[in-house]
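Before any comments, here is the structure.
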Amino acid sequence: MVSDKEKIVIGSDHGAWDLKETIKADLLSKAYQVEDYSKPTPEPVDYPQIGEKVARAVSDGSVKRGILMCGTGIGMSLVANKFPGVRAALCHDEFTARMSREHNDANVLVLGGRVLDKDLAKDIVKIWLETAFAGERHARRVAMIEEIEKANLKA
Ligand code: RB5
């Protein structure tokens, strides 16, 4: 039987290992399936290797949404936003999480394991997953991002 729980792909490097484990457990306790592309241990790993896998899954449509984590969240954001169709948003609080969905239709959430308290990170993930895109004028702006992407990013 195929589960009707939404699948979320996640991934972290060593800089956010503990946070990743916390977020993964929290998602699994809720209505989500999780596919974790992190290495199986918290040993050092180059974040682009992990970010690439998660971003590719969102970019090719295998999954709708992904969550990436590294020390600051910056490296993973840079990697993910190289992929066509990926709109990765580095969020530090509930406000940026909500805005990244309502205004930017972000499909990858990025978190900094050395930046965020774990309870705040869980709140950010919850808001991000539950907030809908507001459309209207924001849809026009997201379409403009897609045009820029088509003109400048090779598929
Ligand atoms: C790893 O030390 C660290 O550079 C990485 O987790 C991330 O913060 C990069 O942007």
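Atoms within a ligand are numbered from 1 in the order they appear, just like the ligands themselves. We number each residue from 1, following the sequence as shown.
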For [atom], grab the closest protein heavy atom and report residue, atom and distance to one decimal in Å.
atom                    : result
atom 4 (O) of ligand 1  : Tyr47 CE2, 4.5 Å
atom 8 (O) of ligand 1  : Thr72 N, 2.9 Å
atom 10 (O) of ligand 1 : Gly75 N, 2.9 Å

Next on the checklist: List ligand 1 atoms under 4.0 Å from Gly71, heavy atoms only on the residue side.
Outcome noted: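 Near Gly71, the atoms of ligand 1 are 5 (C), 6 (O), 7 (C), 8 (O).
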
Item to check | Under 4.0 Å to a heavy atom of Asp13 - the qualifying atoms of ligand 1, by number | outcome: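 Result: 1 (C), 5 (C), 6 (O).
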
Checklist entry - Going by distance alone, is a donor N or O of one side chain under 3.5 Å from an acceptor N or O of the other, for Glu35 and Tyr37? => result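 Note: Glu35 and Tyr37 side chains meet the donor-acceptor criterion.
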
Checklist entry - Do the side-chain N and O atoms of Trp17 and Ser38 include a donor-acceptor pair separated by under 3.5 angstrom? => result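 No, no side-chain donor-acceptor contact under 3.5 Å.
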
Item to check | For the student: nearest non-hydrogen atoms of Arg65 and Val58, plus distance | outcome: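 Minimum heavy-atom separation between Arg65 and Val58: C-CG2, 4.0 Å.
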
Next on the checklist: side chain to side chain contact (heavy atoms under 4.5 Å, CB included), that's the test. Do Asp36 and Lys20 meet it? Break it down for me.
Outcome noted: CA-CA 9 Å; Asp36 184 359; Lys20 186 269 292 183; 2.7 Å; yes

Checklist entry - Is the closest basic N to carboxylate O distance between Glu146 and Arg87 below 4.0 Å? => result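 Salt bridge between Glu146 and Arg87, a charged N being under 4.0 Å from a carboxylate O: yes.
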
Checklist entry - Among His14, Arg114, Met76, which one has a heavy atom closest to atom 3 (C) of ligand 1? => result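 Ranked by closest heavy atom to atom 3 (C) of ligand 1, first place is Arg114.
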
